[in-house]
Amino acid sequence: MVSWPDCWFANQLVVRAGSLSSDSPVSVISGHSGVGKTTLLRGICKHNESLNPRLVFQEPTLLPWLSVAENLRIVCEDEMLHAKWLDLFGLPEVEGLRPGQLSLGMQRRIAIIRGILAKPGLLLLDEPSASLDPVNVERLIVNIQAASAESQVPIVVVTHNPSHFSELDPAYYELASRPAEISPALR
Amino acid sequence: MLVITWAFASHLAQSDAFPGPIVVGLKILQESMSGELWIHLGATFGRVLLAFGLAWAAGIIIGAALGRSDTLDLWFWPWVNTFLNMPALVIIVICYLGLGMSELAAVLAVVINKAPLIATNVRDGVRQFETRYDEFASIYRLSWTQKVRLIWIPQLEPFLFTALRTGLSLTWKIILVVELLGRSSGIGFQVHLYFQLFEVDMILAYALSFMIAMQLIEVAAVRPLERRVQQWRKDGQLA
């Protein structure tokens, strides 16, 4: 079970303490912009260190001065594993390219691979479908599905657009009010 | 174009105080054949490299510390700023008076002069670090050496190159003053010697040979290195 204490930002209580009780491999937390989704993910990260959580940021945060291979090598030296995941995500022959030479959608998917290669006990995705066109959203969902099945790592997604993730058959939660509180949501 | 303008202006001036490029070029050739030029060029060059290397190292350490810590910045920035604005000549004279007319005093004077400028550049660079990379490093538990090598240095590169360029050019100008005031070798010493003999062609020959050497360093080392390490900044235009 993933839980968190009260989450504060700039001396303000943003998200009240709570937990995700579902056994589903993928949980989707929805909420409008500014409700505290990213603050919640940081709180989860901080409070669940024993799970070795890895956060995949909304901005992909790949290091732009390194190639894709070098970015992945920061967390995992095994190049066979890099190739396996890049192949699984439909991203062959990008190892030598730098992030600036890739589209935002590709950068996001590589950031997810980097998250998985870091061998997390929990993978947190911050608005992974934001600013992507429908084709890229579709690719992303297929990739998250593959990542979940192959790695067996529980995945928590925060988004303001939960309908994008319906194919993952996730457990839905909603983050609402101020300070925000989490509650199960029906879809 | 510059050489043609110089030749033309010199021809119009018709004065020993303003020799043309051919006269100066012949003097450079003469001094290089006798070996004198290489001795003094080498002496100045050694001092520039040593002083600039030490100033760069000290400036990076001080600048990084002030950029990362508000407390250190509060206490030590006024000191850095004071030395930044202190006239080079005052520092050179104080070093010579305190340590004698030694090589140590000469190099130290340049380091004290230049380190604050490099520290200021680096401090400004560190303050512009993107916090998201620090957050990534923290969440993905990067080691301290990984943070320095993979995250901090690449973000500092533009500031380090600015410090390298401005620092190198200012360093060699100060070295010449240091040599003029208290050394018995180097381009500054030769300029001083030929100033006393009023041989402007020799002054220009020594000054010009060093300027050419510095230009060669810029073209052969600094610019290719800069191009290589900053190639990724052009990626956005390619994507």
Side-chain angles (χ1 to χ4, degrees), chain A residues 9 38-39 41-77 94 96-107 110-126, chain B residues 60 63-64 67-68 70-71 121-122 124-165 221-239:
Chain A
F9 184 74
T38 303
T39 306
L41 287 187
R42 290 191 173 117
I44 292 175
C45 246
K46 211 169 170 186
H47 190 66
N48 294 272
E49 282 203 348
S50 59
L51 286 176
N52 202 22
R54 292 290 181 262
L55 171 59
V56 176
F57 302 86
Q58 183 177 345
E59 281 284 316
T61 326
L62 298 170
L63 303 182
W65 41 85
L66 300 181
S67 67
V68 168
E70 288 165 335
N71 265 287
L72 298 180
R73 214 175 292 139
I74 296 173
V75 296
C76 170
E77 295 278 345
V94 295
L97 300 179
R98 280 186 294 266
Q101 296 169 302
L102 304 170
S103 68
L104 176 67
M106 289 166 105
Q107 290 185 44
I110 289 162
I112 293 174
I113 295 177
R114 185 176 65 181
I116 293 166
L117 287 173
K119 298 191 178 69
L122 175 67
L123 188 65
L124 308 162
L125 307 182
D126 188 2
Chain B
I60 288 172
R68 293 297 285 187
D70 287 340
T71 313
N121 257 310
V122 172
D124 291 347
V126 168
R127 293 191 154 208
Q128 287 178 40
F129 278 0
E130 293 204 34
T131 50
R132 62 193 174 123
Y133 295 130
D134 278 340
E135 193 178 8
F136 158 72
S138 158
I139 288 173
Y140 283 73
R141 296 174 194 171
L142 267 59
S143 67
W144 191 80
T145 49
Q146 274 182 312
K147 278 190 217 169
V148 171
R149 191 168 54 86
L150 299 172
I151 294 182
W152 294 349
I153 290 178
Q155 289 186 86
L156 262 186
E157 270 161 8
F159 299 91
L160 293 179
F161 274 106
T162 305
L164 182 68
R165 278 227 172 74
V222 178
R223 223 179 287 168
L225 183 68
E226 187 179 28
R227 253 201 303 270
R228 199 169 64 85
V229 298
Q230 298 204 9
Q231 181 60 41
W232 65 271
R233 288 181 189 276
K234 294 179 184 158
D235 289 348
Q237 297 155 21
L238 301 173

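We name chains A, B, ... by the order of the sequence lines, and we start the count at 1 in each one. These numbers were taken from a predicted model, which means no experiment stands behind them.
The contact between A:Pro53 and chain B is made by backbone and side chain atoms together, counting heavy-atom distances below 4.5 Å. Proximity to chain B involves both the backbone and the side chain of A:Leu55, based on heavy atoms less than 4.5 angstrom apart. Proximity to chain B involves both the backbone and the side chain of A:Arg114, based on heavy atoms less than 4.5 angstrom apart. For a residue to count as touching a neighbouring chain, one of its non-hydrogen atoms must lie under 4.5 Å from one of that chain's; by this rule B:Glu135 touches chain A with backbone and side chain alike. Residue A:Leu117: no heavy atom, backbone or side chain, is found under 4.5 Å from chain B. Neither the backbone nor the side chain of A:Glu70 has a heavy atom closer than 4.5 Å to any heavy atom of chain B.
When all heavy atoms of A:Trp65 and B:Tyr133 are compared, the pair lying nearest together is CH2-CE1, 3.9 Å. In plain terms, the two heavy atoms of B:Leu150 and A:Leu66 that are nearest each other are CD2-CD1, 4.0 Å.
Contact residues of residues 151-160 of chain B toward chain A are B:Ile151, B:Pro154, B:Gln155 (heavy-atom distance under 4.5 Å). The interface of residues 141-149 of chain B with chain A, defined by heavy-atom distances below 4.5 Å, comprises B:Arg141, B:Leu142, B:Gln146.
Contact count versus chain B (heavy atoms, under 4.5 Å) is highest, among A:Leu97, A:Val75, A:Ile74, for A:Ile74.
Distance alone, capped at 3.5 Å, places no donor-acceptor pair between the B:Trp232 side chain and the A:Ser67 backbone.
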